[in-house]
Amino acid sequence: MAARRRTPAKADPAAEHERELLRTMLRIRRFEEACAELYSATKIRGFLHLYVGEEAVATGVMSVLEPDDAVVSTYREHGHALARGVPMDALMAEMFGRQTGCSRGRGGSMHLFHADTRFVGGNAIVGGGLPLAVGLGLADHLAGRPRVTACFFGEGAAAEGEFHESLNLAALWHLPVLFVCENNRYAMGTSLAHEHARTDIALRASSYGMAAWAVDGMDVRAVEESARQAVEAIRHGGGPHFLEVRTYRFRAHSMYDPDRYRPKAEVAEEKTHDPVTALAELMTSEGRLTDRQLATLEKEVAAEIAAAVEHAEQAPLEPVEDLTRFVHSDRTPAEVT
Amino acid sequence: MAARRRTPAKADPAAEHERELLRTMLRIRRFEEACAELYSATKIRGFLHLYVGEEAVATGVMSVLEPDDAVVSTYREHGHALARGVPMDALMAEMFGRQTGCSRGRGGSMHLFHADTRFVGGNAIVGGGLPLAVGLGLADHLAGRPRVTACFFGEGAAAEGEFHESLNLAALWHLPVLFVCENNRYAMGTSLAHEHARTDIALRASSYGMAAWAVDGMDVRAVEESARQAVEAIRHGGGPHFLEVRTYRFRAHSMYDPDRYRPKAEVAEEKTHDPVTALAELMTSEGRLTDRQLATLEKEVAAEIAAAVEHAEQAPLEPVEDLTRFVHSDRTPAEVT
Amino acid sequence: MTATMVKTTYREALREAIREALQRDERVFLMGEDVGAYGGCFGVSLGLLEDFGPERIRDTPLSESAFVGAGIGAAIGGLRPIVEVMTVNFSLLALDQIMNTAASLQHMSGGQYAVPLVIRMTTGAGRQLAAQHSHSLEGWYAHIPGLRIVTPATLEDARGMLWTALEDPDPVLVFEHGSLYNLAGEIAADAGPVDLDHAAVRRPGDDLTLITYGGTLGRTLEAAEELAGAGVSAEVVDLRTLRPLDDATYLGSVTRTHRAVIVDEGWRSGSLSAELSARITEQAFYDLDAPVERVCTEEVPIPYAQHLEEEALPQVRDIVAAAHRTLGEQP
Amino acid sequence: MTATMVKTTYREALREAIREALQRDERVFLMGEDVGAYGGCFGVSLGLLEDFGPERIRDTPLSESAFVGAGIGAAIGGLRPIVEVMTVNFSLLALDQIMNTAASLQHMSGGQYAVPLVIRMTTGAGRQLAAQHSHSLEGWYAHIPGLRIVTPATLEDARGMLWTALEDPDPVLVFEHGSLYNLAGEIAADAGPVDLDHAAVRRPGDDLTLITYGGTLGRTLEAAEELAGAGVSAEVVDLRTLRPLDDATYLGSVTRTHRAVIVDEGWRSGSLSAELSARITEQAFYDLDAPVERVCTEEVPIPYAQHLEEEALPQVRDIVAAAHRTLGEQP
Ligand SMILES: Cc1ncc(C[n+]2csc(CCOP(=O)(O)OP(=O)(O)O)c2C)c(N)n1
Ligand SMILES: Cc1ncc(C[n+]2csc(CCOP(=O)(O)OP(=O)(O)O)c2C)c(N)n1
Ligand SMILES: [Mg+2]
Ligand SMILES: [Mg+2]
């Protein structure tokens, strides 16, 4: 790109914010790449679903949430957790199945939880998180709290009965829920056109009477702007909102997936819309990011990941004697909130 | 009404057909009334859901089906069964739990089945019949048979996840299914506005990409005309169609229901749109039905019902030794079609 | 000083328990199909909508998976929902939420998210409701780690189990047998919460132990009475809580009587009765004077016709016959 | 004359069975999530789309209830569907259809509608897939009247059970343990349909009977080998079909050995092992020299961490220890 270079304005809060978006996306990208390697090295096991290519979605949406808001996610949730602020150490330790993992090693990649940031997991039943989000919204509604619950799921989940039931409930009861459908055009190997008779998911959502629109999921600023509008409306009593975020996963569905069902050319073409590169290039071209700044960012992220891996390697295992701990509460009901 | 009376034209096939519609509706109405009495007399037990007020729906739709078509119904299915041609004797015997009942006494009011007329039951799980209908349509589609499967369900069922999943499948695979939503505005005691965030069910259905419209369910001729158009289109490869038939049940949800949730005035007002009376009055006023013909019809129907009750009273019980018969097939797979 | 007794029914006792919970704790609300305007499909919540309003007596659409899941979410969000699933038959539509979310969340999250949720549902057959409305699946639920399963069989338990269940930080499922709602009798005017940890000996006896719960307690007590007439002293244990099982009570009884008959309305193969039989064998094998007997439902989708349904379900005569078999006698 | 043997895997054997069925009967088709373009989530149907086309190798949306229900409808409509539900974990979403329609339709309709449907699904833990992907619920399904439940544990059964299941006029559920897909070995080149009525003695022995099925057969055989080293001769029975249970085979064995250990990957309370234990007590009580032992999974949502998962699941050492207990020995 042959754009003019300007000296980045250090004190420009908008640019500062943009760099934070970039940092978040980079943290996700590099974390996922590290996970893939660690999986091959058999440090991480089970199913592993990476978010590479979809970083702008989590980053844009989380950026507008308040600490008191809640997030409900899926099995492809590393990016959500990172963007939400779950510490990377706790995430990596969880992948390693360690006691210091954010789910004490019991959840693994698909079941990340973090009460401090109201990150209500990591649900590996496709569509299973939607009712939960409705319930969190109901609790806020009944308690009169101006909170928002953001619920992430794929376009494949939109074919499940729970999608329909949950959207209807949320709309019927006017609950403060932000539904974020990450439309990456595939549910495992099944393409959008084989999943849905009508592929316009936002239109479907709006048929329940909630505000719903589609947004370019490869443009983090567009995602953020849409999310901001939606979250503000929800917080001010506007009822549930729905974002269909058009994105693409650059890697296979999971580490098990040989990715046979997508044309190579399609994947290659989509990779030219890389959301991380796109933002970096835009900022650079418009003079809000220098090569040195980017290099520093990369270095900081790499260091954070290296530290997280180091932490995970060293972290203790949960004692086997505690296997059945947490099947029931250690706590009394008064302590449960 | 002060309409001109003409001598009914005996040989007029349209009038003849109209009288058959009237006969079917009357058979249903009187059958249901008899069931209510027999329930009070403890001859019929279990749950009993009557179809009084909704006769025009079953009558109009079944009128345009072919013998080879299939019908999937609910627990409120006496009317569907009668209109489809299931013999009244077999129906009444089933209510009595007798061996000659259409389900050999095992099903009762909620589980009427009749293979000869391809009446595939009587399903008491709300929404449970929709996937079945999709499957029957799939079988016809794969076998290349120009058959239609008509699937009846209430507007309450439209909130269940299976509604969404089934409509999507049928539309995605372009299957020959006629969905008939009997919108009687209540699911037990829950009114339409408490069931659905958006109460336009036909609009929801059309969001799956199938032809869908609403029709006055108190006007049997309108129902029939709509069903005819839909069935013809389906049979000629038009894919699934959806009718939202606006109707009302004149009686409580079931014999257990004290009907506390509806304003008395609403019920009274709706009863002024009685589909049976409406057709009879229209025909009379337009000279296609004489009082004598109507009286004869009533007498014939009464006799048929009396005979059915008499049959049921006399019919044998299934021997208790046969309790576990039909848990598995008596037949070999080759005999199963 | 005897407590003042008042007349009530199982249905009313349940209703008063819900009312009390709504009054005591503003986080409590009731949600389910037709709990409001209709008054509950079996009339349990009749009148509560008028007293507590539609936010706390919340009618739901027909969406079992979503509203049960919403109950879970609301519990995590700080409320104390009582979710009514009309009957256990329809709970299959919500089973994924119950098993994969409600029961698992706490463990999966390493102890971060407890789910203080109560789910009530009707269970059982006996009213000619046929195959799809007659399941007894509480035994299945008792298989799921993370849940507590209770089965009130008496007026006291109908009145007292709910509050204790709401105090449990973890999900509790309450199974109400459909044939019990009209059960009438007297309870103490100040009847309140009861423990959920112990089985109860409903009738003491020495010759054998009859173990049951929920809807079959009545028939089991009848059988014990009939056995008494034949000179056989049967102890009747009401399990009350199916998960976790209170092994001490029924095993204590069997160790003393040396004979056990389990009465369970589930289909025989794979019913809770199998687990009880296995545990008795494992823990009291050398105390047994006869093989454990099971009286269960025939393995058939429950038929509508009265004579067939009756034949399918455990009857007093079946219990009496099984008791005599353990005693090596012809009845 | 010995049959020609060919190398295969459990996965390939399943695939060849599906291929054969598609070739033999044009009413047969395969339907489920990702059976086509993806090749099956565990690669079982890889290549079949290319050979049989998208009408017969039918990818479905994520809609477990609807496509399982559609399978039922298609079966009634004259076809012979093989419906693949990716894993038993997701089958909860279709359980209503399986129980209330597939299993009940024939009886409810007085014999008019049989449902000749085969449903395949993966079951079991052991691959660090955590709580929501590690259920062993085949024991639940074995509770449902009207179903047949089979659990191929060998290459022969993987190759042979499908056709027999398709010939059954009633619904058959096939549970494939996830740890078996890579099982490799040789089978006869002309291996074909096998019976579904009998359990199999996989290793003869005299001192005690080890009863198992599916994914735990391998570890049970290992345990038997280890026991042999300690001078204990263990007979290993593979149940093969969980409903209806072939009582004759395992009871015959127990009657001879007088001791039984059941190995079952289900959570202990309410698992199939309980039913087996109960039946052994009921039918072979006086032949038993020791209480029946059960080796099952700990009652915990399966955790991700390897050491915890391993601790939760039945291991060879647990089986050996249980065997020694029945013999009154310290291992
Ligand atoms: C109920 C259920 N069915 C099937 C699966 C297996 N599965 C896991 S992810 C997935 C695809 C989901 O696609 P989508 O919702 O679009 O999310 P994406 O993976 O594309 O992010 C499937 C079929 C599951 N986990 N849960
Ligand atoms: C899955 C399920 N949930 C709940 C019920 C209980 N129930 C039976 S009929 C009914 C209302 C159904 O309403 P609708 O679909 O509108 O049909 P209608 O009775 O009005 O004809 C309910 C809640 C059921 N049978 N199945
Ligand atoms: Mg997707
Ligand atoms: Mg209705």
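Order of the sequence lines fixes the chain letters, A, B, ..., with proteins taken first and strands second; residue numbering starts at 1 for each chain. This is a predicted model, so every value here is computed, not measured.
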**Q.** Reported CD-to-CG distance for the pair Gln97(C) and Leu130(A), which is rounded to 0.5 angstrom
**A.** 9.5 Å

(Q) Given heavy-atom pairs under 4.5 angstrom as the criterion, report whether the side chain, backbone, both or neither of His164(A) touches chain C. (A) neither

**Q.** Top contributor to chain A interface from Asp96(C), Ile72(C), Leu105(C), Thr101(C) [non-hydrogen pairs under 4.5 Å]
**A.** Asp96(C)

Q | Under 4.5 Å from any heavy atom of chain A - which part of Glu26(C) | A | neither

Q: Using non-hydrogen atoms and a 4.5 Å limit, figure out which bit of Asp140(A) sits close to chain C: side chain, backbone, both or neither.
A: neither

Q: Below 4.5 Å from any heavy atom of chain A, which atoms of Ser104(C) appear? Answer side chain, backbone, both or neither.
A: neither

Q: Can you tell which part of Phe119(A) gets under 4.5 Å to a heavy atom of chain C, answering side chain, backbone, both or neither?
A: backbone

Q.
Rounded to the nearest 0.5 Å, what separates atom CD in Gln112(C) from atom OG in Ser103(A)?
A. 6.0 Å

**Q.** Arg325(A) portion near chain C, given a 4.5 angstrom heavy-atom threshold
**A.** backbone

Q. Counting heavy-atom pairs under 4.5 Å to chain A, which of Ala74(C), Gly110(C), Gly71(C) comes out on top?
A. Gly110(C)

Q. Can you tell which of Gln99(A), His111(A), Glu318(A), Arg145(A) has the highest number of heavy-atom pairs within less than 4.5 Å of chain C?
A. His111(A)

(Q) Can you tell me which portion of Phe29(C) sits under 4.5 Å from chain A's heavy atoms? Options are side chain, backbone, both or neither. (A) side chain

Q. Between Glu162(A), Glu160(A), Glu165(A), which is the residue that forms a side-chain hydrogen bond (donor to acceptor under 3.5 Å, both in side chains) with Ser65(C)?
A. Glu162(A)

Q: Might you point out which heavy atoms bring Ala66(C) and Pro131(A) nearest each other, and give the distance in Å?
A: O-CB, 3.7 Å

(Q) Between Gly137(A), Gly135(A), Ser166(A), Ala170(A), who has the most heavy-atom pairs with chain C when the cutoff is under 4.5 Å? (A) Gly135(A)

Q: First locate atom CE of Met31(C), then atom CG of Leu169(A), and finally report the distance between them rounded to the nearest 0.5 Å.
A: 8.0 Å

Q) Which pair of non-hydrogen atoms, one from Trp173(A) and one from Pro61(C), has the smallest distance, and what is that distance? A) CZ2-CD, 4.4 Å

**Q.** Region of Leu172(A) that comes under 4.5 Å of a non-hydrogen atom in chain C
**A.** side chain

Q. Say you draw a straight line from NE2 of His141(A) to CD of Glu55(C); how long is it, rounded to the nearest 0.5 Å?
A. 3.5 Å

Q. Can you name the closest pair of heavy atoms from Gly111(C) and Phe326(A) and give their distance?
A. CA-CD2, 3.4 Å

Q | Closest contact, heavy atoms only, Phe113(A) versus Ser109(C) | A | CG-CB, 3.4 Å

**Q.** Minimum heavy-atom distance His107(C)-Arg106(A), with the two atoms named
**A.** NE2-NE, 3.0 Å

Q) Side chain, backbone, both or neither: which part of Val120(A) has a heavy atom under 4.5 Å from chain C? A) both

Q) Do the side chains of Arg58(C) and Leu142(A) get nearer than 4.5 Å, heavy atoms only? A) yes

**Q.** Structural part of Leu167(A) lying under 4.5 Å from a heavy atom of chain C
**A.** neither

Q: Report the option among Asn168(A), Val72(A), Leu136(A) that has the most heavy-atom pairs separated by less than 4.5 Å from atoms of chain C.
A: Leu136(A)

Q.
If you compare all heavy atoms of Val134(A) against all heavy atoms of Ala70(C), which two are closest, and at what distance to 0.1 Å?
A. CG1-CB, 4.0 Å

(Q) So for Leu147(C), is it side chain, backbone, both, or neither that comes closer than 4.5 Å to the heavy atoms of chain A? (A) backbone

**Q.** chain C contact via Asp322(A) - which portion, at a heavy-atom distance below 4.5 Å
**A.** neither

